2 protein chains.
Amino acid sequence: MKPVTDPMQLFRHQRAVREFADRPVEDETIRQVLQAAVHAPSGSNSQPWKFIVVRDAAVRAELDRIYAEVHASTTPGVMSKAPVVIVPCVKVPERTGVVGFQTGASIYPACQNLMLAARLLGLGTVLTTSHRQKNDEVKALLGVPETWDTAALIPLGWPDRSYGPNHRPPLDEAMCLDRFAE
Amino acid sequence: MKPVTDPMQLFRHQRAVREFADRPVEDETIRQVLQAAVHAPSGSNSQPWKFIVVRDAAVRAELDRIYAEVHASTTPGVMSKAPVVIVPCVKVPERTGVVGFQTGASIYPACQNLMLAARLLGLGTVLTTSHRQKNDEVKALLGVPETWDTAALIPLGWPDRSYGPNHRPPLDEAMCLDRFAE
């Protein structure tokens, strides 16, 4: 994919990429992408995140095995095809002892920054969360302690081909004024 | 705030803005910002969102009243000071009947797109979720049905002043390789 230079065009050029070229991603590139992630907002600016950069092929193969059990994909092996899988983790709120809907407000904006920064550079990603149906297995595999939780598996790599913009229905279907309206 | 033109600089220039200039935000500007939101990814690309654009001063005053009950802010009245409050809503998953952590992956990336697009234009926002402690009151006020839920209250307006970049600890504190490490 071509890098994006007009920032307002960035959003409509994010695509779910599940097929990758056989080309490595440099450490410095990954750092650029993660730097964008950590600049995201979070509840009370607590920055309750940790990003596991999974390069190890054996670990990615295990992620694929687990992912295949819960997600019938048209593109199996996506965690292995990508040279890197990023696993954003979030601190479990002490008050409740469990991640809830609002906890997502402290990690998914960071995931989105990560994916947008990747797209800016011409890298492809896809946000997947199905692994959470086998979350205990994933946490054991990656050594994630009880006080933390996994938010997503994000394969990252150079896309195998070009992708056009994404398409959406007319904006009016998604907005309403002052009160909710279907 | 100055508009951002270098897209890689965007992430470090997002700030939590809670004080606004007495200057209206045009409908077309709001549409630009919401357009960015609806281009975000969501689970199975289901786009399960609706954005309530609250301009009505009486409704914003009510949001302030509710918000003040749950959030001791150093800047009270933020929902009234902003000329617009955006309330992103998400469809409640039918399978579980309740929004969970993963539901956040289908709405908070869109919230982040919205806030980044606002920042590109020089607008200020802040992501707030504390209202959810009085969510029933907010839903009643805005007429949000049982099958939908509120994800955030996002005040939107022209900032009262300039803001520098945001600051973060060294990236290495937030990343680890192949396995989780504190």
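Residue numbering restarts at 1 for every chain, and letters A, B, ... go by the order of the sequence lines. Everything numeric in this text was worked out from a predicted model, so none of it was measured.
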TODO: Evaluate the criterion side-chain contact (heavy atoms from CB on, under 4.5 Å) for residue pair A:Arg168 and B:Asn45; output intermediate values, then yes/no.
DONE: CA-CA 10 Å; A:Arg168 293 292 184 263; B:Asn45 194 23; 3.8 Å; yes
Between [X] and chain B, with a heavy-atom cut-off of 4.5 Å, which part of the residue counts as in contact: side chain, backbone, both or neither?
X	result
A:Ala110	neither
A:Asp6	neither
A:Arg60	neither
A:Leu127	side chain
A:Val90	side chain
A:Thr5	backbone
A:Thr150	backbone
A:Cys111	neither

Side chain, backbone, both or neither of [X] within contact of chain A (heavy atoms, under 4.5 Å):
X	answer
B:Asp149	neither
B:Ala151	both
B:Ala174	both

TODO: Return the set of residues passing side-chain contact (heavy atoms from CB on, under 4.5 Å) with A:Pro169 (not counting sequence neighbours), or none when no residue passes.
DONE: A:Glu173, B:Gln47
When you look at [atom1] of [X], are more than 12 heavy atoms from neighbouring residues, nucleotides or ligands closer to it than 6.0 Å?
X	atom1	value
B:Lys91	NZ	no
A:Glu182	CD	yes
B:Glu146	CD	no

Highest number of heavy-atom pairs under 4.5 Å with chain B: which of [options]?
options	result
A:Leu177, A:Ile52, A:Val4	A:Ile52
A:Thr103, A:Thr128, A:Leu10	A:Thr103
A:Pro88, A:Gly143, A:Cys89, A:Gly43	A:Gly143

Side-chain heavy atoms of [X] within contact of [Y], under 4.5 Å:
X	Y	value
A:Met175	B:Leu34	yes
B:Phe101	A:Ile107	yes
B:Leu121	A:Met8	yes
A:Arg31	B:Asp172	yes
A:Leu116	B:Asn113	yes

Between [options], which shows the greatest number of heavy-atom pairs under 4.5 Å with chain A?
options	result
B:Pro145, B:Ser42, B:Pro165	B:Pro145
B:Thr129, B:Val54, B:Leu171	B:Leu171
B:Ala16, B:Ala40, B:Ala37	B:Ala40
B:Val38, B:Asp178, B:Ile86	B:Asp178

Open item on the list: Show the nearest heavy-atom pair for residues B:Tyr108 and A:Pro109, with the distance to one decimal.
Closed with: CB-CD, 4.0 Å
TODO: Taking all non-hydrogen atoms of both residues into account, name the closest pair between B:Lys50 and A:Cys176 and its distance.
DONE: CG-SG, 3.9 Å
- [ ] For B:Phe180, enumerate each residue passing the ring pair (Phe, Tyr, Trp, His ring centres under 6.0 Å) test, keeping only those at least two apart in sequence or located in another chain.
- [x] A:Trp148
Open item on the list: Can a donor-acceptor pair be found, under 3.5 Å and without considering hydrogens, that links the side chain of A:Arg179 to the backbone of B:Val144?
Closed with: no
- [ ] Applying side-chain contact (heavy atoms from CB on, under 4.5 Å), run through B:His39 and A:Asn166 and close with a yes or a no.
- [x] CA-CA 7 Å; B:His39 280 282; A:Asn166 67 50; 2.3 Å; yes
Open item on the list: Quick check for you: to the nearest 0.5 Å, what is the distance between A:Phe11 atom CZ and B:Leu114 atom CG?
Closed with: 9.5 Å
Task: Point-to-point distance, once rounded to the nearest 0.5 Å, from NE2 of B:His131 to CD of A:Gln102 - done: 7.5 Å
TODO: Identify whether B:Ile154 and B:Val138 are in the same connected component of the hydrophobic contact network (ILVMFWY, side-chain heavy atoms under 4.5 Å).
DONE: no
